[in-house]
Amino acid sequence: MINKGDVVRTGPVTWEIPKTYRKDMRVPVRIFADERLLNAALKDKSLTQAVNASTLPGLVSHVTVMPDVHQGYGFPIGGVAATSYPEGVISPGAIGYDINCGVRLLASQIAYEEAEPYLDDLALQLDENCPSGVGVKGSVRLSVDDLEDVCRNGSNWALNNGYAWEDDIPSTEEHGRIRNADPRDVSPRAMERGRSQLGTLGGGNHFIEVDLVEKIFDHEAAEAMNLSEGYLVLQIHCGSRGFGHQICSDYVRDLQSAVRKYKIQLPDRELVCAPLNSPEGEAYLSAMSCAANYAFANRQVLVSHARRAFEQTFAGKVANYELTQVYDIAHNMGKIEDHQIEGKQVRVCVHRKGATRAFGPGFSELPEKYRHLGQPVLVPGSMGTASWVLLGTEGSMLQSFGSTCHGAGRTMSRKKAKKSIRGDQLRKQLMKKGIRIHAGSMAGLAEEAPHAYKDVDAVVNVVTQAGIAKKVARLRPVAVIKG
DNA sequence: ATGTCC
């Protein structure tokens, strides 16, 4: 375990574990945290995992740790590692089992006051239209050919099949489609699991949530995003379901032989990896991209379900019940990107696991309305607490490979959380706070209790103080649908 | 996160 004495303070909210801490480190570990969040990070294996990650072949500059960090499979959730392309490695564990887990935000023109009498009905309609829970199947059934189309085309598949509006696409990271995704690199078993799960939410901390915009911090950005104080928005947090999970499992197993073949020394088997330019590394990158496209399409189908729920609830009741897409952004991905590091342009594979891409102003992929502002960043809080809309900055480009935090971050294990409160009690507490809850399982609900998570406001204050994100708006939940 | 062990 790492001790506080091993960590050097480098600024008000920045810390470093120097390369000299352990002989096998290739780069230092840089941590964004206040004193309290650092102490939380020292309590589990997350910083040891960050040090382990700092031994990966081909790493560039440093490993980054976000304030919402907690331990994960081999690599911390809340970690960023960039490896040189193409001779560095790619590691499935440094991307996560839920490939392209991410958040989508949609804006409405419905004021909370106006919607209040219909919110119980809206929560019910969302629950009925959006299947949730582990292993749950959706209304969309895909042939193997269709699923191959989803793998290659992501959100474009959704647009061609009536699940998207034209304007949704440019407001999605990568326009909802990662290139060079070849379904031949996906196992038949993953394909089988993927066929029935498109347009489903899943379990754990995945949710669909109706929020109201509680406070705007950046009026120019909020206007570009269609966000106004007191109005409803819809947030979707989910990923690639059993499809991405199966792909990660397959490659964690298969790449073990690549580790031996390329004689890669690892401090932890869970960091299994392969060179980006090896056949094994290329196959994983392609399969991961298929899962990413599946997740984009999944969130897009959920949007069409949610639009139906809004129509069923509000048609004839409010003048305009349209949901316009603000943005869709991943927080579990490996991306090939160009970055300026110490004055030099480098091409790297940025592994972001529980870390959100946060590119600064001038980024050409962004739609014009956002290009001068920076990339929108969506940070979901824990259930029953605030969520945040942020922007990427020049600072995130310089300090964290264009990345920032992704959420509140767990402090209590699922098991401990379940023991600490009963689901039905928690539901009552949240109802008292004006939050409608539809949950598939009361045990699952207890696992997501707000007190099992860090304070999302403290996390956001660290990243904004460090300059790796900028505040746009704070959202407050009024209805949550989860598995 | 995950047909929470094929």
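First the proteins, then the strands, lettered A, B, ... as listed; each starts at 1. Only this structure's heavy atoms are used, side chains among them; waters, hydrogens and symmetry mates stay out.
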- [ ] Please determine if a side-chain N or O atom of A:Arg414 lies less than 4.0 Å away from the OP1 or OP2 oxygen of B:dT4.
- [x] no
Open item on the list: Holding to side chain to side chain contact (heavy atoms under 4.5 Å, CB included), I want the full list of residues that pass it with A:Arg141, two or more places apart in sequence or in another chain.
Closed with: A:Lys137, A:Ser196
- [ ] Under 4.0 Å from any atom of DNA chain B, heavy atoms only: list the residues of residues 127-135 of chain A that qualify, in numerical order.
- [x] A:Val134, A:Gly135
TODO: Can you tell me the distance, in whole Å, between the CZ atom of A:Arg241 and the P atom of B:dT2?
DONE: 5 Å
Task: Nearest-angstrom distance from the residue atom CD of A:Gln246 to C1' of B:dT2 - done: 10 Å
Open item on the list: Using a heavy-atom cut-off of 4.0 Å across all strands, would you classify A:Gly239 as base, sugar-phosphate, or nothing?
Closed with: nothing
Task: With sequence neighbours excluded, residues passing salt bridge (charged side-chain N to carboxylate O under 4.0 Å, His left out) with A:Glu365 - done: A:Arg357
Open item on the list: Any base atoms under 4.0 Å from A:Glu448, or only sugar-phosphate, or nothing? Heavy atoms, all strands.
Closed with: sugar-phosphate
- [ ] Identify whether any heavy atom of A:Glu447 sits under 4.0 Å from a base atom; if not, whether one sits that close to sugar-phosphate; answer base, sugar-phosphate or nothing.
- [x] nothing
- [ ] Please name all residues satisfying salt bridge (charged side-chain N to carboxylate O under 4.0 Å, His left out) with A:Arg189, sequence neighbours left out, ordered by chain then number.
- [x] none
Open item on the list: With salt bridge (Lys or Arg N to Asp or Glu O under 4.0 Å) as the rule and sequence neighbours excluded, what pairs involving residues 51-74 of chain A come up?
Closed with: none
Task: Set of side chain to side chain contact (heavy atoms under 4.5 Å, CB included) partners for A:Ser84, sequence neighbours left out - done: A:Val60, A:Glu87
